[in-house]
Amino acid sequence: MDFSLTEEHRMVQQLVRGFAQKEVAPVIKEYDRKQEMAPFILPRMAELGILGICFPVKYGGQGLDYISLGLACEELEAVDSTLRVVMSVHVGLNSMCLLQWGTEEQKQRFLVPQARGEKIACFGLTEPGAGSDVAGIVSTARRAGDEYVLNGEKMWISLATKAHHALVVARTNLEAPDPHEGLSAFMVELDRPGVTTGDIHGKLGVRAGSTGWIAFQDVRIPVENRIGLEGEGFKIAMSCLDNGRYTVAAGATGLIRASLEASVKYAHERQAFGREIGKFQLVQQKISRMIQSYDAARLLYLRAGWMKNMGERNTRETSLAKWFATDASFEAASEAIQIHGAYGYSDEYDVERYLRNAKGAIIYEGTSEIHQLMQAGYALGYREDASLRCELPAYDPEFSMITPTGHSSI
Ligand SMILES: Cc1cc2nc3c(=O)[nH]c(=O)nc-3n(C[C@H](O)[C@H](O)[C@H](O)COP(=O)(O)OP(=O)(O)OC[C@H]3O[C@@H](n4cnc5c(N)ncnc54)[C@H](O)[C@@H]3O)c2cc1C
């Protein structure tokens with residue numbers, strides 16, 4: 001068993017850390033207060049290749065592995081969750097789905113511009129009346145010749161007003177005996193007639209990010225935009241979540257690290273009863289718990305990333321990593337505020353933002369309750385992962401570096 005990172009992994013960490021710490025950290029508080037996404041974020045992440053980090057060069061990406069994706073997410077969320085949310089939806093939930101389920105033509109048409117960051121992508125699963133219960137989706141896509149006509153509304157969609165493409169799950173068969181089997185997935189260009197989008201304001205956290213809604217009224221989409229087969233939408237959506245949840249787990253690990261670093265720094269600076277507060281054992285206990293959480297969360301997400309590299313099914317391991325890391329990040333942020341006392345309760349320090357951001361990740365991409373049900377389901381034998389028609393490709397360094405003209409880019 002090899003726990004070491006490669007030279008390439010370290011370069012990813014350095015590059016992403018440099019961007020997040022030097023370019024975003026100095027302005028994040030201002031944008032969080034304004035409840036706006038800083039306009040330079042998406043173009044700069046595209047320019048640095050972060051938006052296409054784990055896709056083969058042939059598909060517009062950087063040709064790196066899935067561990068690199070996790071490490072990038074950890075570095076991004078160590079500064080602000082909104083940066084990692086971009087990776088969760090643009091990379092994990094949408095572009096990785098194209099890599100897994102898309103035809104070669106769909107990869108060329110959608111994945112290449114997304115991996116290059118020329119087009120931004122989002123993921124439209126949740127509806128006003130259907131969140132955890134995906135089979136409750138009521139949006140419809142009615143077949144009409146060579147097209148589908150899409151109607152419905154998607155709610156709580158990250159990057160809804162920033163994205164060019166959305167992966168949308170809608171009902172194609174109203175009669176399916178099992179409602180899970182009546183769903184299909186589509187790539188929808190958001191400039192099609194009949195699409196409207198808007199932002200949701202007044203959120204507790206991820207305020208420097210973009211969360212919104214997308215409405216579809218008689219939106220005509222060509223059959224070529226359907227991802228996978230008719231009726232495969234539920235399976236596709238769940239496989240997207242295996243990838244999105246991985247980025248959330250890695251990001252939450254970064255948030256634990258940020259809470260720990262802020263706490264250690266403050267514990268040295270603040271004096272009480274004639275000593276720095278780091279000398280008090282109850283403060284030390286909080287810090288040691290953060291270290292415990294950080295290491296455990298990191299090992300869990302790296303295991304999931306390693307399994308992705310190997311091409312092994314990782315639904316259980318990714319769910320466990322996401323559940324553990326997000327709960328632990330909320331706990332770490334809360335204790336970091338406690339260590340900061342009253343100052344932690346104001347936005348003079350970053351820790352209050354960490355707590356607000358951490359709460360969201362316990363809700364999206366499967367609430368903690370859903371992950372607990374999943375884990376118990378595996379243990380009790382109620383749940384088992386059958387193989388999929390299309391699996392996420394294992395990481396193949398040679399294939400990943402082949403250029404569009406068929407040459408190796410190494
Ligand atoms: C900031 C943010 C960004 C988001 N981004 C996206 C996005 O990009 N794309 C997207 O599609 N969605 C997105 N979502 C939506 C998110 O995925 C849903 O909120 C989530 O799936 C939960 O659904 P819900 O909010 O409808 O809650 P519900 O499903 O209504 O759940 C309400 C409560 O009931 C509990 N519950 C539900 N079912 C069970 C059960 N069987 N057993 C025990 N408890 C249960 C839940 O755990 C929860 O505590 C986002 C949400 C947020 C907050």
Side-chain angles (χ1 to χ4, degrees), residues 32 35 37 77 80-97 120-139 152-170 180 183 185-188 190 197-216 233-234 236-245 247-248 251-252 255 319 322-323 326-327 329-330 353-377 380 382-383:
D32 189 79
Q35 304 200 26
M37 191 169 190
E77 193 152 1
D80 196 64
S81 303
T82 55
L83 299 175
R84 190 272 308 148
V85 169
V86 170
M87 301 299 279
S88 297
V89 297
H90 177 87
V91 177
L93 293 166
N94 189 313
S95 304
M96 284 174 80
C97 172
I120 298 299
C122 69
F123 179 70
L125 187 66
T126 306
E127 298 188 350
S132 307
D133 180 14
V134 172
I137 283 178
V138 293
S139 291
E153 193 181 346
K154 296 291 173 180
M155 189 70 185
W156 291 106
I157 307 305
S158 305
L159 300 180
T161 57
K162 311 282 180 206
H164 305 94
H165 301 158
L167 182 69
V168 175
V169 178
H180 295 89
L183 300 171
F186 301 90
M187 281 299 284
V188 182
L190 295 177
T197 63
D199 284 316
I200 296 172
H201 295 289
K203 289 173 298 178
L204 176 70
V206 289
R207 290 188 176 174
S210 143
T211 319
W213 51 266
I214 311 178
F216 305 100
F234 181 78
I236 293 175
M238 293 304 116
S239 72
C240 293
L241 288 169
D242 283 349
N243 300 325
R245 286 168 179 168
T247 64
V248 176
L255 202 150
S319 154
K322 192 271 181 187
W323 168 38
T326 54
D327 274 359
S329 71
F330 186 73
R353 198 178 75 250
Y354 299 162
L355 183 80
R356 289 187 288 104
N357 287 346
K359 186 65 189 168
I362 299 174
I363 296 170
Y364 51 69
E365 304 223 25
T367 62
S368 274
E369 289 78 14
I370 294 299
H371 289 291
Q372 288 170 61
L373 293 178
M374 285 175 71
Q375 294 303 322
L380 291 162
Y382 302 153
R383 192 185 165 98

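Note that these values count all heavy atoms, side chains included, but never hydrogens, waters or copies made by symmetry. All of these numbers come straight from a predicted model, not from anything done at the bench. Every number for a ligand or one of its atoms is a count from 1 in the order of the listing.
Using modelled atom types, one finds a donor on one side chain and an acceptor on the other under 3.5 Å when comparing Glu127 with Ser139.
Scanning for salt bridge (charged side-chain N to carboxylate O under 4.0 Å, His left out) contacts around Glu365 gives an empty result, with sequence neighbours left out. With sequence neighbours excluded, no residue forms a side-chain hydrogen bond (donor to acceptor under 3.5 Å, both in side chains) with Thr126.
Below 4.0 Å from some heavy atom of Val206 lie the following atoms of ligand 1, by number and element: 1 (C). Counting atoms of ligand 1 from 1 in the listed order, those under 4.0 Å from a heavy atom of Ile363 are 19 (O), 20 (C), 22 (C). Shown in contact with Leu373 at under 4.0 Å from a heavy atom are these atoms of ligand 1, numbered in order with element: 40 (C), 41 (N), 42 (N). Those atoms of ligand 1 with a heavy atom of Val89 less than 4.0 angstrom away are 8 (O). Of all atoms in ligand 1, listed by their number and element, those nearer than 4.0 Å to a heavy atom of Glu365 are 17 (O).
The presence of a protein heavy atom under 4.0 Å from atom 10 (C) of ligand 1 is confirmed. Within a 4.0 Å radius of atom 32 (C) of ligand 1, the protein contributes no heavy atom. Distance check for atom 2 (C) of ligand 1: a protein heavy atom is found below 4.0 Å. For atom 5 (N) of ligand 1, a protein heavy-atom neighbour is found at a distance under 4.0 Å.
Among all non-hydrogen protein atoms, the one lying nearest atom 39 (C) of ligand 1 is Ile370 CD1, 4.2 Å. The nearest protein atom to atom 46 (C) of ligand 1, hydrogens excluded, is given as Thr367 OG1, 3.7 Å; this is a heavy-atom distance. With hydrogens left out, the protein atom closest to atom 43 (C) of ligand 1 is Glu369 CB, 4.1 Å, a heavy atom. Protein heavy atom in closest approach to atom 14 (N) of ligand 1: Trp156 O, 3.1 Å. Among all protein heavy atoms, the one lying closest to atom 12 (N) of ligand 1 is Thr126 OG1, 2.7 Å.
Neither the backbone nor the side chain of Lys203 has any atom closer than 4.0 Å to an atom of ligand 1 (non-hydrogen atoms only). At a heavy-atom cutoff of 4.0 Å, ligand 1 is contacted by both the backbone and the side chain of Ile157.
Figure legend: Lys359 and Phe330 shown as a cation-pi pair, the cationic atom lying under 6.0 angstrom from the six-membered ring centre and within 45 degrees of its axis.
The closest heavy-atom contact to atom 29 (O) of ligand 1, among the options Ser132, Gly212, Ser81, comes from Ser132.
Inter-residue side-chain proximity for Asp32 and Val206 is flagged as unmet; no heavy-atom pair is nearer than 4.5 Å.
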